[in-house]
**Q** 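Please see the structure below; I have some questions.
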Amino acid sequence: MNRDKAWRKGVIVGAVGMVVLLVGLSLESGRAEEAAKGKLPLEKAFPLAAKCKRCHERVYEEWETSPLSRSLHSPAFRAAIDQYLAFSGGKDKALCLRCHAPHIKEYPDLAESFIKQVQSGDPSIDGVACAQCHLIKEVDRTAHPPMPKYDVGSKTLYGPYKDAAPNLAHQSADLDLFRKSSLCLNCHLTVPTAGNLGTSNDLLGSWETSKAVKSGKECQTCHMPEQLGESANGENKRKVANHTFPGRVGKLRQEAAKLEVTSEVQGEKTKVTVKVHSLVPHSLPTTHPGWASVALDLTIKGKNLRTVHTDRRVYGRKYLDAKGQPTVFDFEAVKVAEDTVLKPEETRVETFTFPTPKDTKSFDVELSLNYAPVAGPSAFLQRIEAESPKGAQDPVFEAVPITKYAENVPISK
Ligand code: HEC
Ligand code: HEC
Ligand code: HEC
Ligand code: HEC
Ligand code: HEC
């Protein structure tokens, strides 16, 4: 049987298989209201990632370790969405879900039930999973924010291959979009806030004019790096895309910045100059959630390696709410009080001056650049702790190291 025939046969068997599968699904979880409107039940239109795992084990396992797989049930998100719902007084309930569970756009009536799922802490719906990306057939970049168009009810999954091997579960179609930043921008470009912050609620800054982007790099180049592997179980190895979405997690962050340090002992005083070179083609940090920040920590260790001086610079945004009070919740923000975010590929020069350590021939200068832990009102932090099975050990309470520098500076007499 030639490949063409095998393909057609695959489609027929596949179609039959699909019907059986879909009937099974709708019997199990059909929603009367949706059916009445002639709409597919949610689970049928957006199959769970677990359905794809059967054939795409590698992709599934990578995605499962990524933050995307926890977009609905990270303890910080659960605590933050409640904070938002209290703030908005029940208006625009789906706001956070627009990106954390984007299929809400096709099922706006289910906002209440999605939120109950989030609050349960163990949702049986997916957030940003396979179908939520692979059913996108177009992103309208003229809309603000850019809007995805879903091919709901389609048996076609869109992806990067022109020559996907046929299979029994779905048809495949290639779309250039899957190799382009546009696919990511509908969730990563701007987040709505209460006030009209204009362009100041953009998450990426002027990324389009960065050297990396001008040289042809897309979000995928760095955040879904190319590797060799099986795209589906048992298929030939080929170029595949890493679905762990390296960011705060993973090795990519070692490429985020370089520190160039000069230390000058000037008698009683010492001056340390640090050039922080951001190598990131967009804002560092990206500025959502509102508490997102990167900290540069200086530690000076004198005699017997005792810490004699510490200092810190913070890169992030400080927001004010409608009452003029500082807030870490971007959805409450009406004004940016301070913006120290590192701009795309920016070099920021910091100087630290402190008394030269005494009774020692030399001292240590240590610098570390890290993503800062979550910050906010103590009730909010306690809430995250209560929501997390790891309690105060939840990863959001820990700084994530980006890069470090250390040198021993002699004190010449
Ligand atoms: C439907 C919305 C949506 C789309 C489309 C989307 N993302 Fe995301 N992305 C999210 C959400 C929500 C999170 C945060 C998940 C969490 O931790 O709760 C996230 C997290 C990430 C992270 C991890 C960030 C960190 O702090 O470590 C990376 C990297 C990322 N996305 C890259 C991409 C890339 C690349 C694309 C395009 C191929 C993309 N995303 C498309 C919604 C989206
Ligand atoms: C426009 C899309 C978008 C909207 C709307 C949105 N988010 Fe996010 N959210 C993201 C993306 C993208 C990330 C990952 C950001 C990163 O790591 O740089 C994220 C990350 C987060 C995180 C940190 C990761 C985690 O899960 O702990 C929290 C908390 C969060 N969002 C809460 C909210 C809340 C609450 C709302 C509603 C008020 C909301 N978001 C609305 C896109 C969005
Ligand atoms: C019965 C097995 C099977 C199931 C179930 C399955 N796939 Fe596939 N899928 C395949 C095979 C085989 C390929 C072709 C791989 C190749 O050519 O290397 C493929 C290709 C793809 C592609 C690439 C399409 C392209 O043209 O670039 C995407 C995207 C995809 N699948 C997504 C999914 C998603 C999402 C799900 C779950 C909703 C899913 N698949 C369920 C077997 C399956
Ligand atoms: C945030 C959006 C996003 C999510 C979530 C996502 N993908 Fe993808 N996927 C992409 C993009 C973009 C590409 C193409 C990347 C490239 O070629 O540069 C891709 C490529 C693929 C491919 C072909 C290449 C490969 O790596 O095998 C398959 C198959 C696939 N995805 C299946 C899945 C499955 C299954 C899931 C869920 C477990 C999933 N994807 C989740 C965006 C996503
Ligand atoms: C040239 C490589 C490169 C490109 C292109 C790129 N990034 Fe990044 N990105 C990085 C590096 C490096 C970091 C910082 C280190 C880290 O967190 O891994 C980062 C961090 C991030 C983070 C998480 C960190 C944070 O501050 O919350 C998100 C989300 C993100 N990028 C999204 C995107 C999106 C969306 C695009 C496309 C518009 C994109 N990136 C394009 C290199 C790149």
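Whatever order the structure lists ligands and atoms in, that order sets their numbers, starting from 1.
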**Q** Identify the closest protein heavy atom to atom 17 (O) of ligand 3: which residue and atom is it, and at what distance?
**A** A165 N, 2.7 Å
**Q** Just wondering, more than 12 heavy atoms not from K137 lying within 6.0 Å of its NZ?
**A** yes
**Q** In terms of relative ring orientation, are F87 and Y84 parallel, tilted or perpendicular, with 30° and 60° separating the classes?
**A** tilted
**Q** Any side-chain heavy atom of L189 within less than 4.5 Å of one from P146?
**A** yes
**Q** Any atoms of ligand 4 less than 4.0 Å from a non-hydrogen atom of V128? List them with their elements.
**A** 5 (C)
**Q** Do ligand 1 and H188 have nitrogen or oxygen atoms that lie under 3.5 Å from each other?
**A** yes
**Q** Where on H223 is there a heavy atom closer than 4.0 Å to ligand 1, on the side chain, on the backbone, on both, or on neither?
**A** side chain
**Q** To check your reading of the model: name the closest protein heavy atom to atom 19 (C) of ligand 1, its residue, and the distance in Å.
**A** L68 CD2, 3.4 Å
**Q** With a cut-off of 4.0 Å, which atoms of ligand 4 are near a heavy atom of A129?
**A** 5 (C)
**Q** Mind telling me whether H103 and F46 have parallel, tilted or perpendicular rings, with 30° and 60° as the class edges?
**A** tilted
**Q** Would F245 count as a contact residue for ligand 1, given that I'm defining contact as a non-hydrogen atom of the residue lying under 4.0 Å from a ligand atom?
**A** yes
**Q** Looking at atom 28 (C) of ligand 3, what's its closest protein heavy atom, distance included?
**A** H170 CE1, 4.4 Å
**Q** With a sphere of 6.0 Å drawn around CZ of R306, does it hold more than 12 non-hydrogen atoms of other residues, nucleotides or ligands?
**A** no
**Q** Take atom NZ of K105 as the centre, draw a 6.0 Å sphere, and report whether it contains more than 12 heavy atoms from other residues, nucleotides or ligands.
**A** yes
**Q** Protein non-hydrogen atoms only, distance under 4.0 Å: does atom 24 (C) of ligand 1 have such a neighbour?
**A** no
**Q** Could an N or O of ligand 4 be found under 3.5 Å from any N or O of R179, whether backbone or side chain?
**A** yes
**Q** May I ask you to list the atoms of ligand 4 that are less than 4.0 angstrom from any heavy atom of V240?
**A** 25 (C), 26 (O), 27 (O)
**Q** Could you walk me through whether L342 and V280 satisfy the side chain to side chain contact (heavy atoms under 4.5 Å, CB included) test, starting with their C-alpha distance in whole Å, then the side-chain angles of each, then the deciding distance to 0.1 Å, before giving a yes or no?
**A** CA-CA 9 Å; L342 295 169; V280 179; over 6 Å; no
**Q** Quick test of your reading of the structure: of A292, G247, C184, S69, whose heavy atom lies closest to atom 38 (C) of ligand 1?
**A** C184
**Q** Below a 4.0 angstrom heavy-atom separation, can you tell me which part of P67, side chain or backbone, both or neither, approaches ligand 1?
**A** both
**Q** Under a 4.0 angstrom heavy-atom cut-off, which atoms of ligand 3 come close to K51?
**A** 5 (C)
**Q** Working to the nearest 0.5 angstrom, can you tell me the gap between I402 CD1 and N370 CG?
**A** 6.5 Å
**Q** Pick one of side chain, backbone, both or neither for how P246 approaches ligand 1, counting any non-hydrogen atom pair under 4.0 Å.
**A** backbone
**Q** In the shown structure, where waters are left out, how many protein N, O or S atoms lie under 2.8 Å from atom 8 (Fe) of ligand 4?
**A** 2
**Q** Kindly determine whether W207 and L185 satisfy side chain to side chain contact (heavy atoms under 4.5 Å, CB included), including the steps that lead there.
**A** CA-CA 11 Å; W207 62 282; L185 291 177; 3.6 Å; yes
**Q** I need the contact type for H56 against ligand 3. Using non-hydrogen atoms and a strict under-4.0 Å cut-off, is it side chain, backbone, both or neither?
**A** side chain
**Q** Checking H277 side chain against A257 main chain: does a donor-acceptor pair fall under 3.5 Å?
**A** no
**Q** Could you please spell out the steps behind the side chain to side chain contact (heavy atoms under 4.5 Å, CB included) verdict for R70 and F77?
**A** CA-CA 9 Å; R70 291 181 292 278; F77 180 69; over 6 Å; no
**Q** List the atom of P123, the atom of Q117, and the distance in Å for their closest heavy-atom pair.
**A** CA-OE1, 3.3 Å
**Q** Do you see a donor-acceptor pair shorter than 3.5 Å between the side chains of S388 and D394?
**A** yes
**Q** Considering only the protein, which heavy-atom contact is closest to atom 5 (C) of ligand 1, and what is its distance?
**A** L183 O, 3.4 Å
**Q** Please report which non-hydrogen protein atom sits nearest to atom 14 (C) of ligand 1, along with the residue it belongs to and the distance in Å to one decimal place.
**A** H100 CE1, 4.5 Å
**Q** Can S120 and D122 be counted as having a side-chain donor-acceptor contact under 3.5 angstrom?
**A** no
**Q** What is the distance from atom SG of C130 to atom CG of L48, rounded to the nearest 0.5 Å?
**A** 9.5 Å
**Q** Taking all non-hydrogen atoms of both residues into account, name the closest pair between S181 and C219 and its distance.
**A** OG-N, 3.1 Å
**Q** Among all protein heavy atoms, pick out the one at the shortest distance from atom 27 (O) of ligand 1; state its residue, atom name and that distance to 0.1 Å.
**A** R248 N, 2.7 Å
**Q** Provide the number and element of each atom of ligand 3 under 4.0 Å from a heavy atom of L157.
**A** 32 (C), 33 (C), 34 (C), 35 (C), 36 (C), 39 (C), 40 (N)
**Q** Show which atoms of ligand 3 fall inside a sub-4.0 Å distance from at least one heavy-atom site of S172.
**A** 20 (C), 24 (C), 26 (O)
**Q** Where does A173 meet ligand 3, judged by heavy-atom distances below 4.0 Å: at the side chain, the backbone, both, or neither?
**A** backbone
**Q** With the threshold set at under 4.0 angstrom, would you say R58 reaches ligand 4 through any of its heavy atoms?
**A** yes
**Q** Can you check whether V341's main-chain N or O pairs, donor with acceptor, with D339's side chain at less than 3.5 Å?
**A** yes
**Q** Side chains of L284 and Y371: closer than 4.5 Å at any heavy-atom pair?
**A** yes
**Q** Considering only non-hydrogen protein atoms, determine which one is nearest to atom 4 (C) of ligand 3 and report residue, atom name and distance to 0.1 Å.
**A** C55 SG, 3.3 Å
**Q** Would you compute the distance between atom CG of D330 and atom OG1 of T190 and round it to the nearest 0.5 angstrom?
**A** 11.0 Å
**Q** Q132 versus Y150: any side-chain heavy-atom pair under 4.5 Å?
**A** yes
**Q** Under a 4.0 angstrom heavy-atom cut-off, which atoms of ligand 1 come close to C219?
**A** 35 (C)
**Q** Quick one: nearest non-hydrogen protein atom to atom 18 (O) of ligand 3, plus distance?
**A** R238 NE, 3.1 Å
**Q** How far is atom 26 (O) of ligand 3 from its nearest protein heavy atom, and which residue and atom name does that atom have?
**A** Y161 O, 2.9 Å
**Q** Heavy-atom contacts with C99 under 4.0 Å: which atoms of ligand 1 show up? List them by number with element.
**A** 1 (C), 2 (C), 12 (C), 42 (C)
**Q** Among all protein heavy atoms in this structure, tell me which lies nearest to atom 3 (C) of ligand 1, with the distance rounded to 0.1 Å.
**A** C187 SG, 2.7 Å
**Q** Checking I300 against V365 for the side chain to side chain contact (heavy atoms under 4.5 Å, CB included) test, could you report, in this order, the C-alpha distance in whole Å, the side-chain angles of both residues, the deciding distance, and whether it holds?
**A** CA-CA 5 Å; I300 305 300; V365 173; 4.0 Å; yes
**Q** Would you say atom 8 (Fe) of ligand 3 has C52 as a near neighbour, meaning an N/O/S atom of that residue under 2.8 Å away?
**A** no
**Q** Do the side chain of N233 and the main chain of R54 share a donor and acceptor less than 3.5 angstrom apart?
**A** yes
**Q** Is there a polar contact, in the sense of an N or O pair closer than 3.5 Å, between S231 and ligand 4?
**A** yes
**Q** Pull out every atom of ligand 3 sitting under 4.0 Å from any heavy atom of Y158, numbered as shown with elements.
**A** 29 (C)
**Q** To check your reading of the model: name the closest protein heavy atom to atom 11 (C) of ligand 3, its residue, and the distance in Å.
**A** A232 CB, 3.5 Å
**Q** Does only the side chain of Q132 get under 4.0 Å from ligand 1, or the backbone, or both, or neither? Count heavy atoms.
**A** neither
**Q** Would the F380 and F329 ring centres measure less than 6.0 Å apart?
**A** yes
